[in-house]
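The shown structure was predicted, so the numbers you read here are calculated from the model rather than taken from an experiment. For the numbers below, each heavy atom of this structure counts, side chains included, while hydrogens, waters and symmetry mates do not. As the structure lists them, so they are numbered: ligands from 1, and atoms in each ligand from 1.
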Amino acid sequence: MRVLITGAAGFLGSHLCDRFLADGHDVVGLDNYVTGNAANLAHLSGNRAFSFIEHDISEPLAVDGPLEGVLHFASPASPVDYLELPIETLKVGAHGTLNSLEAARSNGARFFMASTSEVYGDPHEHPQRETYWGHVNPVGPRSVYDEAKRFAEAMTMAYHTHHGVDTRIVRIFNTYGPRMRPNDGRVVTNFIVQALTGAPITVYGDGTQTRSFCYVDDEVEGLYRLFMKGDANPTNIGNPVEYTVGQLAELVRELTGSDAPVEYRPLPTDDPKQRRPDITRAREMLGWEPKVHVREGLARTIEYFRGLAESGVFQSRPQRETITPA
Ligand code: UDP
């Protein structure tokens, strides 16, 4: 197959490129580097199965040659990023999705939409099944991401039912691993960088809110299987093992051997109180479930960040915080 992956220089996009290439497919990567990082694709230079287009997918695009798949992964995805880039985030969820869908339709290609657990908002159902419609504040600060992705899901489904495009929608839950940006502001990266530099570990709120963290290799395997053998209905892909943010802070301190103190900060507006995927659908349809325990996944991620620390990256890119106190 020859597939187009938007957001190819991002954390998930770059791992997904590797996954397709490993199975012998040709990949056209696309990114405008707004939150992507060229270093994530550096190892592919010289690989004849890989080509790259620098382009903002919110603008129309014509790709030379046939495509059998289009996977739309371009979007700011960390809360700090999408709060800083609200209009760009809405545009890439709306125009970017439309342009990607058109690329799929005009080529007769399969379309794959990277959606998010954020479509469930601050959920009243726990764990979250795909049948849950969500609890999203349509005008809150997070709405620029949540509503963009909800719109993208609706648009994908409309292309499926109205134009007969073969489509997939994945709802991705919190994922971590090598190639995350050390200053992307997410909880895993903030805690690891803080622990490695001896800075206080910044827990927002009282740390009792929960997330369920999936290691990137597991996540990408689930995405790949969903692309290959899933159906058009939304599918959760994430790790159902749930931690409080306070527990995650302790785990990172233990695994890094850090004695950095915990410092409590205000909880960002509309921060979901709990999140855990029900992955029954993925288990039954794809025979998929995560394999990497969070201790092992965090240890591998910490190793990656230790490598970055030695190259001086932390100093040149200061950490950022979610700046929307309740
Ligand atoms: N969080 C935290 N300290 C940080 C960054 C995040 O306590 O330095 C919390 C945040 O308030 C949320 C959880 O960790 O409850 C996950 O945040 P993240 O930004 O990683 O992603 P989200 O799941 O909210 O999209």
List every atom of ligand 1 that sits less than 4.0 Å from any heavy atom of [X], numbering the atoms from 1 in the order shown and giving each element.
{"X": "Q209", "answer": "9 (C), 11 (O), 15 (O)"}
{"X": "R186", "answer": "19 (O), 20 (O)"}
{"X": "D271", "answer": "10 (C), 11 (O), 12 (C), 15 (O)"}
{"X": "R142", "answer": "22 (P), 24 (O), 25 (O)"}
{"X": "V245", "answer": "7 (O), 13 (C), 14 (O)"}
{"X": "G185", "answer": "5 (C)"}
{"X": "V203", "answer": "7 (O)"}

(message) Looking at ligand 1, is there an atom of it that comes within less than 4.0 Å of some heavy atom belonging to R275?
(response) yes
For ligand 1, does [X] get within less than 4.0 Å through its side chain, its backbone, both, or neither, judged by non-hydrogen atoms?
{"X": "P268", "result": "side chain"}
{"X": "V188", "result": "neither"}
{"X": "E118", "result": "side chain"}

(message) Quick one, M155 and R150 - any side-chain contact, counting heavy atoms below 4.5 Å?
(response) no
(request) Determine whether T189 and R181 make a side-chain contact, defined as any pair of heavy atoms from C-beta on separated by less than 4.5 Å. (result) no
(request) Verify the ring-centre separation between F20 and F73: is it less than 6.0 angstrom? (result) no
(message) Would you say the ring centers of Y176 and Y215 fall short of 6.0 Å from each other?
(response) yes
(request) Could you find the nearest protein heavy atom to atom 23 (O) of ligand 1 and give me its residue, atom name and distance? (result) R211 NE, 2.7 Å
(request) Note the single closest protein heavy atom to atom 1 (N) of ligand 1, along with its residue, its atom name and the distance in Å. (result) Y204 CD1, 3.4 Å
(request) Would you name the heavy atoms of M180 and T175 that are closest together and state the gap between them? (result) CE-O, 3.7 Å
(request) May I ask you to decide whether R110 forms a salt bridge with D166, counting only side-chain N to carboxylate O separations under 4.0 Å? (result) yes
(message) Looking at Y224, I'd like to know if the NZ or CZ of R19 sits under 6.0 Å from its six-membered ring centre while staying within 45 degrees of the ring's axis.
(response) yes
(request) Please check if any side-chain donor atom of Y120 sits under 3.5 Å from a side-chain acceptor atom of R171, or the reverse. (result) yes
(request) Identify which one of K273, R142, H135 satisfies the side chain to side chain donor-acceptor pair (under 3.5 Å) criterion when paired with D122. (result) K273
(request) Kindly identify the option in T202, T189, D81 whose heavy atom sits closest to atom 4 (C) of ligand 1. (result) T202
(request) Could you pull out, from V187, N174, N190, V262, the option with a heavy atom nearest to atom 21 (O) of ligand 1? (result) N174
(request) Applying ring pair (Phe, Tyr, Trp, His ring centres under 6.0 Å), name anything that partners H15, two or more places apart in sequence or on another chain. (result) F11
